[in-house]
K.L.:
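After the structure tokens below, expect a handful of questions from me.
Every value quoted in this text rests on a predicted model; they were computed, and no experiment measured them.
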Amino acid sequence: MALIPRLLLCALLLWPVLGQAAVEVREFDDPVTEQRYRDLTATLRCPKCENQAIGDSDSPIAGDMRERVYLQLQDGRSDKEILDFMVNRFGDYVLYNPRLEGRTLLLWGLPAGLVLLGALVVVLMVRARRRTSARDLSAEERARLDALIKRERTE
């Protein structure tokens with residue numbers, strides 16, 4: 001019996017929260033435009049949220065960005081024009097994959113450079129090991145080795 005009043009109390013407490021969860025309904029003329037909208041909202045990052053696409057974010061700025069993407073799609077703008085508009089307004093941060101430009105070369109080139117540097121270090125280490133293991137024994141080392149082998153056989 002005590003369970004029903006508790007459930008009703010929880011439902012009454014959660015009622016305002018459920019009312020705030022608004023669902024955006026967008027009307028598109030064709031499925032291609034709708035897919036472009038989904039792709040663009042998945043490509044753009046919310047400036048307020050940490051690593052969350054505007055299509056997944058509930059922040060007001062993400063809602064504004066979704067609205068702008070929708071309106072520009074309705075105006076017949078291309079994806080590049082929409083992305084350029086968003087970058088001009090919010091900065092390069094809104095792109096998950098920054099463009100390859102002079103100021104982003106280090107960002108794009110550093111991982112490849114580190115991989116090449118690592119490969120070079122590995123090659124140099126392998127060469128160094130081969131050189132040390134392939135050299136011949138000196139006369140003194142050969143004599144010590146023969147003495148150890150003879151002692152082992154006699155024991």
K.L.:
Looking only at heavy atoms, what is the nearest atom pair of I61 and C46, with distance?
P.N.:
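Residues I61 and C46, closest heavy atoms: CG2-SG, 3.9 Å.
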
K.L.:
Looking at I82 and R36, what are the two nearest heavy atoms and their distance?
P.N.:
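Taking every non-hydrogen atom into account, CD1-NH2, 4.5 Å.
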
K.L.:
Grab the two heavy atoms, one from A42 and one from A53, that are nearest each other, plus how far apart they are.
P.N.:
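For A42 versus A53, the nearest heavy atoms are O-CB, 3.7 Å.
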
K.L.:
Heavy-atom distance under 4.5 Å between the side chains of L44 and F90, does that happen here?
P.N.:
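Result no, sub-4.5 Å side-chain heavy-atom pair not found.
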
K.L.:
Would you give the length of the straight line joining atom CZ of R45 to atom CD1 of I54, rounded to the nearest 0.5 angstrom?
P.N.:
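Here the rounded value is 12.0 Å.
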
K.L.:
Please list, chain by chain and in numerical order, all residues satisfying side-chain contact (heavy atoms from CB on, under 4.5 Å) with F85, sequence neighbours excluded.
P.N.:
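For F85, the residues satisfying side-chain contact (heavy atoms from CB on, under 4.5 Å) (neighbours in sequence not counted) are R68, Q72, R89.
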
K.L.:
Return the set of residues passing side-chain contact (heavy atoms from CB on, under 4.5 Å) with L71 (not counting sequence neighbours), or none when no residue passes.
P.N.:
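Checked L71 against side-chain contact (heavy atoms from CB on, under 4.5 Å); matches are E67.
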
K.L.:
To which residues is L120 joined in a hydrophobic cluster, defined by side-chain heavy-atom contacts under 4.5 Å among Ile, Leu, Val, Met, Phe, Trp and Tyr, whether direct or through other members?
P.N.:
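L120 shares its hydrophobic cluster with L124.
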
K.L.:
I'd like to check the side chain to side chain donor-acceptor pair (under 3.5 Å) partners of S57; sequence neighbours left out, ordered by chain and number.
P.N.:
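Partners of S57 by the side chain to side chain donor-acceptor pair (under 3.5 Å) criterion, ordered by chain and then number, come out as S59.
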
K.L.:
Going by ring pair (Phe, Tyr, Trp, His ring centres under 6.0 Å), name the pairs with one or both residues in residues 56-83, residues two or more places apart or in two chains.
P.N.:
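Ring pair (Phe, Tyr, Trp, His ring centres under 6.0 Å) check on residues 56-83 returns F28-Y70.
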
K.L.:
Under a 4.0 Å threshold between the charged nitrogen and the carboxylate oxygen, would R144 count as salt-bridged to E140?
P.N.:
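Judged by the 4.0 Å cut-off on N to carboxylate O distance, E140 and R144 do not form a salt bridge.
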
K.L.:
Where is the tightest heavy-atom contact between R151 and L148, given as atom of each residue plus distance?
P.N.:
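For R151 and L148, the tightest heavy-atom pair comes out as NH2-CD2, 3.1 Å.
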
K.L.:
Please identify each residue that fulfils side chain to side chain donor-acceptor pair (under 3.5 Å) with D30, with sequence neighbours left out.
P.N.:
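Checked D30 against side chain to side chain donor-acceptor pair (under 3.5 Å); matches are T33.
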
K.L.:
Hey, does L73 have a side-chain heavy atom less than 4.5 Å from the side chain of L40?
P.N.:
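Yes; the side chains approach each other to less than 4.5 Å.
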
K.L.:
What's the spacing between M86 CE and N88 CG if we round to 0.5 Å?
P.N.:
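If I round to the nearest 0.5 Å, the distance is 11.0 Å.
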
K.L.:
Hey, are the side chains of M65 and V94 touching, using non-hydrogen atoms and a 4.5 Å cut-off?
P.N.:
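Side-chain contact under 4.5 Å: yes.
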
K.L.:
Could you walk me through whether D84 and K80 pass the salt bridge (charged side-chain N to carboxylate O under 4.0 Å, His left out) check?
P.N.:
CA-CA 6 Å; D84 288 342; K80 184 181 181 327; 3.0 Å; yes

